[in-house]
Structures are given as structure tokens and as C-alpha cells.
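All ligand and atom numbering here is 1-based and tracks the order in the structure. Every heavy atom of this structure was used, including side-chain atoms; hydrogens, water molecules and symmetry mates were not.
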Amino acid sequence: MDFSNRTVLLAVGGGIAAYKACEVARLVVKGGGTVRIAMTPAATRFVGPLTFQALSGAPVLTDLLDPASERSYGHLALARAADLLVVAPATADLLGRLAAGLGDDAVTTTALAITCPRLLAPAMNTRMWENPAVRENLATLRSRGWEVVGPGAGALADGDVGEGRLAEPVEIAQAAARLLGPRDLAGRRVVVTAGPTREPIDPVRFVSNPSTGAMGYAVAAAAARRGAAVALVSGPSALPAPASVRLIRVETAEQMAGAVEAELEGMDLLVAAAAVSDYRPAVVHPHKLKKGPGDEVLRLVRTPDVLGGVASRLAGRPGAPVLVGFAAETEEVVAHAREKLRAKRCDLVVANRVGAPGAGFGAGETRVTFVTEAEPVELAGSKAQVADALLDRILPVLDARRPRPAGR
Ligand code: CTP
């Protein structure tokens, strides 16, 4: 089971099956993943937090009101870091509190803040499992998008025989791996450009634009999560490097072109999400310019076209990398994007209308159109969703153009 580049948040409930959660943690770590642990107070009575700390290599969140643990690893940080939440064992009490939306301990409070997929592994006595209150709570959680694995049937710890046994750790880990989604870019080399460029005028001034880099960073993160080796060539951005992505920081268009050039070897896919400045000042003054009494004229010259440069050399050749461009337009979005598609010999252009509400620079949610020679496809969602949808669309083109060598 492959968990590389994934963070699983394992929330442990207070039942006798809590000891089996240790094996779930171990399977995630064995699969190359990161596991983080939150425990209910009752869970700590069955298995010591130290055991989970040793297995996960990180502090265990047990007490929301302990200033030290909240400072070192708060529930919100834990919720943010997770790609998947697994609750194992999910006891009858824990199901009830999750369904009610309570936030009375480390597990329930973290669960309230979670936005990633969520998996429950219930475990309890058969008669409790069959109780309508438990069934209703489970139905409520399912209707809110929680997935469920198990329980299995068999001999229970209390001597009863029937349904209610925690699913086997390997089944829980398999369900987790399934929910984390495909690793369909394993063995692929992806280069992403992101952010603005800065073209200096003098040591303290530059020509730039308000790109935050969010779209490119989302594509890089999604490609890495799906197994690709990703180089992210980024202009100045406040965003942190996504997990398992090689971040190459640049400032100018020229540096960006040079950095991409150095990554061409074996590149399967180039996603050019950067808002590269098309012009730079013709002269870069070595000292800070002093203002004069009158107006000033700034002469600008063209910068290298990073995407266009790669396209003119490689596009159309057998086994050429797949090229994706971006187009920010204020009007005639699809028509202009199609021009770009042809001019830059791209396989797909992601067009968005800048200036429209909910689109363009910096907005968390975005509305884009995937433009190819076929019918344009419109899409709205978070940048992470758009990134995954883009990779979904590109995957068949990639597999047709650059078949994977056996074993990749
Ligand atoms: N691009 C690039 N290098 C440049 C300029 C743009 O790699 N010097 C890439 C962008 O990352 C994006 C696409 O090309 O993928 C944008 O195309 P472009 O025609 O440059 O967009 P605009 O500058 O918005 O075009 P125009 O001014 O023609 O509307």
C-alpha cells in the first residue's frame, strides 16, 4: 500500500480495539505516509499516547486544554495537514458526538475542522451496533460524506459473537488508500511554473503583477499527491512549498526560462501557470533612481516566453512533453484562449476571466474553462479541485503521447 506524500490523521476512540489502531498507524508509515494521531481521553486509558507517539514520530493530540500540546500541535493545524481522517475505533459514543457536531475533545474538535475525506471504522458490542440510536448516528454521518469500513462479524472481546468487530487493520488501510485517490502520475516528471515575475527597474523597484501563485502551487501539490516527481519554478510568492515538491525560486522571466530549461530532460508535462511579465525595463539601474522635477518614461523590452520557448523547440516532435498554458482574459475568453492554444502549441489552455467575481488572481474559488480544439469545458471550484480536474483531463493525452515504460 502506497501512502507516500500523504498525511493520514488517525483519530483513536476509547474501545478495546484501540490497540489495533497501532497497526493501522504502522501500515501508513510502512507505505511511506505520514501519520498524525488524535486520541479521546477514553482512548488513552486503553493505549498510552506514548505508543502512538513512537509509531508516528510526532506528538499525539490528547488534550485541547493543555497549553503545551495546543501550542506544539493544535487541532486546527492537525486538521489542515490531513489528507484523510480515519476514526478507528469509532465507538458508539464517538459516533454520537460526531453526528451531533460536538467539539468536546481532541478528536471531535479536530473532526469539526476537517475538510478532507473522512473514514469511520466502527467497533462496539453487537447489541450496541444494532441499536437504532447508533444506526441513526451512522446514517447521519454517511449523509454528510463520511465513508465507513466494517465492522466485521466474529467473536467480540466481551465474549459475544456477532457484528461489531473493528475491521482488520489491513482493510482499514486499504480503504484509506482508496479514499486518498489514484497515484496515476507515478513515474511522471512534471514541471509547473507559478507566481508572478519581478522585472527590476532599480534595486528597490520592479515591474510585476498581483499573481499569488495559488493556482500553480495547487497543480504542483495535486501532481505530487498523484505520484509525479514535481519541480515547481516559482516567482515570488508567500505560499509554502507543497509537500514533496521541489521548489525552485526565481525572480525574473529570464531566470524562470533558465530554470525551466534546466528541467526539460525527461519532462512529461509542463504546466505554465505563472503570470510572467511580458516586458522588462530596458535598463536596470544599479542605484536607486532619484525623482526629478518632471515626468519619466520607462522603456520596456520583451522578456523570453517561457512556455512559447519550450513549445517552439519541442511541440510536434514525437514524444514531446504535454504542454498546458494559462490565459487570463477580460473578454472573448474562449476565442483568445484558442489563439493562445495555437500560438503556443499547447495541448490545453486553462482560461479564466479576470475581473469577474470569483475568478482570477488570488481568489480561493475559481471559475475556468478548459480550452482545446474540442468543445470548451467550464468548471468552478477550489483551486485544488481545478488542479485535479486539469490533471484528469491531461492524463489520457500524456499516456497516448508518452506511453509509460514498463514498470513505471
Ligand atoms: N507565458 C510564459 N512566458 C511569458 C509569458 C507568458 O511562459 N513570457 C505563459 C504563461 O505562463 C501562460 C501563457 O504563457 O501559460 C500566457 O500566454 P500569454 O499570451 O503570454 O498571456 P498574456 O500575457 O495574458 O497574453 P496577451 O497579452 O497576449 O493577452
Greater than 12 external heavy atoms within 6.0 Å of [X]'s [atom1]:
X	atom1	result
E130	CD	yes
Q53	CD	yes
R135	CZ	yes

key: D105 and T108: side chain donor to acceptor below 3.5 Å   =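 Checked: D105/T108 side chains pair up, N/O donor to acceptor below 3.5 Å.
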ask   = Cut-off 3.5 Å, side chains only: do Y279 and T303 have a donor facing an acceptor?
value =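 No, T303 and Y279 have no side-chain donor paired with an acceptor closer than 3.5 Å.
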key: Near ligand 1, at a heavy-atom separation below 4.0 Å: residues by chain and residue number   =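 Residues within 4.0 Å of ligand 1: A272, A274, V276, D278, T303, P304, D305, V306, L307, G325, F326, K340, K344.
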ask   = So, E332 and R338, do they make that salt bridge, N to O below 4.0 Å?
value =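 Not counted as a salt bridge, because no side-chain N and carboxylate O are separated by less than 4.0 Å.
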